[in-house]
Amino acid sequence: MVMKTLDDDQAVEVVSIPLAGKTSIADYMVIASGKSGRQVASMAYKIAEKCKNEFGRPARIQGLPTADWVLIDAGDVIVHIFKPDVRQFYNLERMWAFDTSPDAEPNPGEPRMGVLRVEPRNGGLG
């Protein structure tokens, strides 16, 4: 439902990261971008409403007032929707990528986010 809703709302760069067996916070984390704060807020609101209406469980939302980064905690799925510049700054995909090797097999039925590129940093402490 989350992936379809994001697709219907024209989310950009949608990524699903399987977390089952790696952490107890959720089974999946979905990360997506919207083109504006208004689109980010709208997508988050729709996902929360569908969780309530279709599954009977309320989703908790944080970040709606500014809508730079909105977090939706839907129980088994955690959804992060960002404005592009904020997403690039926090780079959650890199933080939560457990296996980034090009030979790694994706879980059946799961979208694969591909190999993450690690940018070398010039000087400083990473």
Side-chain angles (χ1 to χ4, degrees):
M1 179 278 294
V2 170
M3 300 296 280
K4 174 151 181 25
T5 301
L6 290 170
D7 186 53
D8 290 348
D9 288 342
Q10 299 178 352
V12 180
E13 298 181 46
V14 180
V15 173
S16 174
I17 302 172
L19 300 177
K22 297 173 177 86
T23 181
S24 61
I25 63 170
D27 292 335
Y28 293 94
M29 179 180 296
V30 176
I31 303 171
S33 296
K35 297 173 186 160
S36 68
R38 183 177 288 195
Q39 184 188 20
V40 168
S42 174
M43 289 187 291
Y45 182 75
K46 285 181 184 177
I47 289 171
E49 282 298 304
K50 285 186 177 185
C51 284
K52 181 180 174 184
N53 295 335
E54 293 180 20
F55 303 108
R57 41 169 113 147
R60 294 179 298 205
I61 302 177
Q62 293 182 358
L64 273 179
T66 59
D68 290 336
W69 173 6
V70 177
L71 171 87
I72 305 129
D73 182 350
D76 296 339
V77 180
I78 295 174
V79 183
H80 298 271
I81 307 175
F82 292 93
K83 286 179 23 185
D85 56 328
V86 178
R87 180 177 180 172
Q88 183 178 5
F89 179 79
Y90 286 102
N91 198 3
L92 291 184
E93 291 95 331
R94 181 172 173 216
M95 183 186 327
W96 283 96
F98 293 102
D99 188 359
T100 60
S101 66
D103 300 331
E105 290 294 319
N107 290 338
E110 280 301 310
R112 182 71 177 168
M113 65 184 192
V115 177
L116 296 176
R117 187 176 65 226
V118 177
E119 299 287 332
R121 294 189 180 194
N122 297 330
L125 294 174

Rounded to the nearest 0.5 Å, how far does [atom2] of [Y] lie from [atom1] of [X]?
X     : Y     : atom1 : atom2 : value
Lys83 : Ser36 : NZ    : OG    : 8.0 Å
Ile47 : Met3  : CD1   : CE    : 10.0 Å
Leu71 : Met29 : CG    : CE    : 8.5 Å
Thr23 : Ile17 : OG1   : CD1   : 12.0 Å
Ile81 : Tyr45 : CD1   : OH    : 14.0 Å
Ile31 : Ile78 : CD1   : CD1   : 10.5 Å

Side-chain heavy atoms of His80 within contact of Arg87, under 4.5 Å: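 No - every pair of side-chain heavy atoms lies 4.5 Å or more apart.
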Those residues that, when tested against Ala11, pass side chain to side chain contact (heavy atoms under 4.5 Å, CB included) (two or more places apart):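 For Ala11, the residues satisfying side chain to side chain contact (heavy atoms under 4.5 Å, CB included) (neighbours in sequence not counted) are Leu6, Val14, Ala32, Met43.
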Using side chain to side chain contact (heavy atoms under 4.5 Å, CB included) as the criterion, list what pairs up with Ala67, not counting sequence neighbours.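 So Ala67 forms a side chain to side chain contact (heavy atoms under 4.5 Å, CB included) with Val40, Ala41, Val70.
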Contact list for residues 31-40, test salt bridge (charged side-chain N to carboxylate O under 4.0 Å, His left out), sequence neighbours left out: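 Non-adjacent pairs meeting salt bridge (charged side-chain N to carboxylate O under 4.0 Å, His left out): zero.
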Side chain to side chain donor-acceptor pair (under 3.5 Å): which pairs involve residues 46-61, sequence neighbours left out?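 For residues 46-61: Thr5-Lys50, Asp9-Lys46, Arg60-Asp73.
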Check the hydrophobic clustering (I, L, V, M, F, W, Y; side-chain heavy atoms under 4.5 Å; chains of links allowed) and say if Phe55 and Ile72 are grouped together.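 Linked within one cluster.
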For Tyr90, all residues meeting ring-ring contact (aromatic ring centres under 6.0 Å, His included), sequence neighbours excluded: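 For Tyr90 the ring-ring contact (aromatic ring centres under 6.0 Å, His included) partners, ignoring immediate neighbours, are Trp69.
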What do the steps show when you test Tyr28 against Val2 for side chain to side chain contact (heavy atoms under 4.5 Å, CB included), and what is the final call? CA-CA 11 Å; Tyr28 293 94; Val2 170; over 6 Å; no
Asp27: which residues meet the side-chain hydrogen bond (donor to acceptor under 3.5 Å, both in side chains) condition with it, sequence neighbours left out?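 None.
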What heavy-atom pair brings Ala44 and Leu64 nearest, and what distance separates the two atoms?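 Looking at all heavy atoms of both residues, the closest pair is CB-CD2, 4.3 Å.
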